[in-house]
Amino acid sequence: MNNINFDQNKKYDLIALGRAAVDLNANELYTTLEETETFTKYVGGSPANVAIGMARLNKETGFIGRVADDQFGNYVLQYFENEGIDISNMPVDSSGAKTGLTFTEIKSKTESSILMYRNEAVDLKLCTDDINEDYIKNSKALLISGTALSAEPSRQAALLAVEYAVKNNVKVIFDIDYRPYSWKSEAETGIYYTKVAEKSDIIIGSRSEFNYMEKIIKEEDRTDKEVAEHWFSFNSKLVVIKHGKEGSTAYTLEGESYDVKIFPVEMIKSFGGGDAYASAFIYGLLEDWDILDALEFGSASASMLVSAHSCSDAMPTADEIKEFIEEKKKEYGERVVRD
Ligand SMILES: Nc1ncnc2c1ncn2[C@@H]1O[C@H](COP(=O)(O)OP(=O)(O)O)[C@@H](O)[C@H]1O
Ligand SMILES: O=C(O)C[C@@H](O)[C@H](O)C(=O)COP(=O)(O)O
């Protein structure tokens, strides 16, 4: 059991809000983008990846986001429909705004980076008219991906969605998702991230993302526990702080904390883990697992994704994650990710 009391009478398990974009991942591994010649196209965008992860885990999943009136917009909608993700709240935008593109560079076994083309990105054209209270109220949880707060009118749309969620007992899950190129100033980042974090039931982010979010209000040299306790003074019940290959920790409002390490894998790229982590962790919470079991599931899916070429196509099923965990426990011992 865990401390998140989802309303089990609601139709959707999770509705994600934000960008559904396209990843173009370099096929040539351990090469710079300058030298890369070919790419593989995948659906991308952190909240889209989380939605795909949830659908792969057989959870009823919806999405709120604008797509471009072009081939890439069609590609995203078709992919989502094939995955069983509800697209009824994904308006096609005909303003000429384009699908965000993320080019990935896999420079070495330990170094990779992303180059995002997001000028006039269609996902940031999401507006308050696109936010439907009846849709949101029918979900156990609403995931807000932080980049949706980086520009108007998407910012107002995301804030309105949060208000509808709070009003209708829909748990707000805030994936901080800090992308520096999306923001004009530290103050703007802090102000709008804080607005959502103060209303969120669950906040998930790397420690550096928490530092960005809190820069205008707090010193960086606080412990993770102190970071978590700040958000418990608002609406949070659960704060998850990720530390990349050092693992991650969940803190509860009730004063407990749970640590998990990473599952050892041959990493291909350093990103994608966060979206897999979020989807599998949220799955565990929805299944009413203990937090440590949900963390282990999230950590396993994350490890599977950093050792895969894509961040969406490779999202695993629950059986695949369980099989992965069993294999790693056989190889490294029952407590492979637990202290
Ligand atoms: N080298 C790695 N091997 C296995 N798992 C990893 C590795 N790096 C990250 N992870 C997993 O991916 C999760 C998310 O990674 P992190 O970099 O913290 O977030 P994000 O991918 O959102 O930037 C980590 O908490 C960890 O569980
Ligand atoms: O979030 C984006 O727009 C790009 C993603 O599709 C990309 O796969 C990525 O960077 C994943 O991010 P992470 O899982 O948060 O590391």
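We count ligands from 1, going down the list as the structure has it; atoms in each ligand are counted the same way.
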Novice: If you measure every N/O of Asp275 against every N/O of ligand 2, is any gap under 3.5 Å?
Specialist: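 Yes - when backbone and side-chain N and O of Asp275 are compared with those of ligand 2, one distance drops under 3.5 Å.
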Novice: May I ask you to list the atoms of ligand 2 that are less than 4.0 angstrom from any heavy atom of Gly274?
Specialist: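 Near Gly274, meaning under 4.0 Å from one of its heavy atoms, ligand 2 has 14 (O).
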Novice: Which ligand 2 atoms does Ile114 reach within 4.0 Å, using its non-hydrogen atoms?
Specialist: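 That gives atoms 10 (O) of ligand 2.
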Novice: For atom 7 (C) of ligand 2, what is the nearest protein heavy atom, given as residue, atom name and distance?
Specialist: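 Of every protein heavy atom, Asp23 OD2, 3.6 Å lies nearest to atom 7 (C) of ligand 2.
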Novice: Look up atom CE in Met54 and atom CG in Leu143, then write down how far apart they are to the nearest 0.5 Å.
Specialist: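 The distance works out to 9.0 Å.
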Novice: Phe63 and Leu124: same hydrophobic cluster, using ILVMFWY side-chain contacts below 4.5 Å?
Specialist: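 In one cluster: no.
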Novice: Taking N or O atoms only and a 3.5 Å limit, does Met116 qualify as a polar contact for ligand 2?
Specialist: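 Between Met116 and ligand 2, no N or O pair is found under 3.5 Å apart.
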Novice: Atom 10 (O) of ligand 2: which protein heavy atom is closest, and how many Å away?
Specialist: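 Looking only at protein heavy atoms, the one closest to atom 10 (O) of ligand 2 is Arg179 NH1, 3.3 Å.
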Novice: What is the nearest protein non-hydrogen atom to atom 4 (C) of ligand 2, stated with its residue, atom name and distance?
Specialist: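 That would be Thr102 OG1, 3.6 Å.
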Novice: Any salt bridge between Glu296 and Arg338, counting N to O under 4.0 Å?
Specialist: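 Salt bridge between Glu296 and Arg338, a charged N being under 4.0 Å from a carboxylate O: yes.
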Novice: Taking side-chain contact (heavy atoms from CB on, under 4.5 Å) as the test, write out the residues that go with Ile268, two or more places apart.
Specialist: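 side-chain contact (heavy atoms from CB on, under 4.5 Å) check on Ile268 returns Leu29, Ile106.
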Novice: Can you check whether Ser200's main-chain N or O pairs, donor with acceptor, with Ser236's side chain at less than 3.5 Å?
Specialist: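 Yes.
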Novice: Sequence neighbours left out, what passes side-chain contact (heavy atoms from CB on, under 4.5 Å) with Ala97? Give chain and number order.
Specialist: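 Once residues adjacent in sequence are excluded, the partners of Ala97 under the side-chain contact (heavy atoms from CB on, under 4.5 Å) criterion are Asp93, Ser95, Val122, Lys125.
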Novice: Would you mind telling me which of Asp201, Asn5, Asn3, Asn2 makes a side chain to side chain donor-acceptor pair (under 3.5 Å) with Lys237?
Specialist: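 Between Lys237 and the candidates, side chain to side chain donor-acceptor pair (under 3.5 Å) is satisfied uniquely by Asp201.
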Novice: Show every donor-acceptor pair shorter than 3.5 Å between a side-chain atom in residues 257-264 and any protein atom, with sequence neighbours excluded, or say none if there are none.
Specialist:
residue, atom, partner, partner atom, Å
Tyr258, OH, Glu256, OE1, 3.3
Asp259, OD1, Thr249, OG1, 2.5

Novice: Checking Trp183 against Tyr193 for the ring pair (Phe, Tyr, Trp, His ring centres under 6.0 Å) test, could you report, in this order, the C-alpha distance in whole Å, the side-chain angles of both residues, the deciding distance, and whether it holds?
Specialist: CA-CA 11 Å; Trp183 293 89; Tyr193 271 153; 5.1 Å; yes
Novice: Any idea which of Asn25, Asn49, Thr147, Val50 brings a heavy atom closest to atom 5 (C) of ligand 2?
Specialist: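 Nearest option to atom 5 (C) of ligand 2, by heavy atoms: Asn49.
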Novice: Just jot down the ligand 2 atoms closer than 4.0 angstrom to any heavy atom of Arg19, in number order.
Specialist: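 This gives 1 (O), 2 (C), 3 (O) as the contact atoms.
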Novice: Looking at ligand 2, does Ala21 have a heavy atom less than 4.0 Å from it?
Specialist: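 Ala21 does not count as a contact of ligand 2 under the 4.0 Å cut-off.
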Novice: Write 'none' if nothing qualifies; otherwise put on separate lines each N/O atom of ligand 1 with a protein N/O atom under 3.5 Å away and their distance to 0.1 Å.
Specialist:
residue, atom, partner, partner atom, Å
ligand 1, 5 (N), Ser303, OG, 3.2
ligand 1, 18 (O), Gly244, N, 3.2
ligand 1, 21 (O), Gly274, N, 2.9
ligand 1, 22 (O), Lys242, NZ, 3.1

Novice: Verify, without hydrogens or angle tests, whether Gln156 (side chain) and Cys127 (backbone) share a donor-acceptor contact under 3.5 angstrom.
Specialist: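 Not at all, since once roles are kept as given, no pair shorter than 3.5 Å links the two residues.
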Novice: Just which atoms of ligand 2 are under 4.0 Å from any heavy atom in Gly44?
Specialist: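 Counting from 1, the qualifying ligand atoms are 6 (O).
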Novice: Check Cys311 against Phe271 and note the closest heavy-atom contact, atom names and distance.
Specialist: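 Heavy-atom minimum between the residues: SG-CD1, 3.8 Å.
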Novice: Do the side chains of Arg207 and Glu246 get close enough for a salt bridge, i.e. N-O under 4.0 angstrom?
Specialist: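 No, this pair does not count.
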Novice: Using heavy atoms and a threshold below 4.0 Å, how should the contact between Cys311 and ligand 2 be classified: side chain, backbone, both, or neither?
Specialist: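 Answer for Cys311: side chain.
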Novice: What do you reckon, is CD of Glu120 surrounded by more than 12 foreign heavy atoms closer than 6.0 Å?
Specialist: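 At most 12 heavy atoms, drawn from other residues, nucleotides or ligands, come within 6.0 Å of this atom.
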Novice: What I want to know is whether Ser270 and ligand 2 share at least one N or O pair that is separated by under 3.5 angstrom.
Specialist: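 No.
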Novice: Please confirm whether Gly272 comes within less than 3.5 Å of ligand 2 when only nitrogen or oxygen atoms on both sides are compared.
Specialist: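 Checking ligand 2 against Gly272, an N or O pair does fall under 3.5 Å apart.
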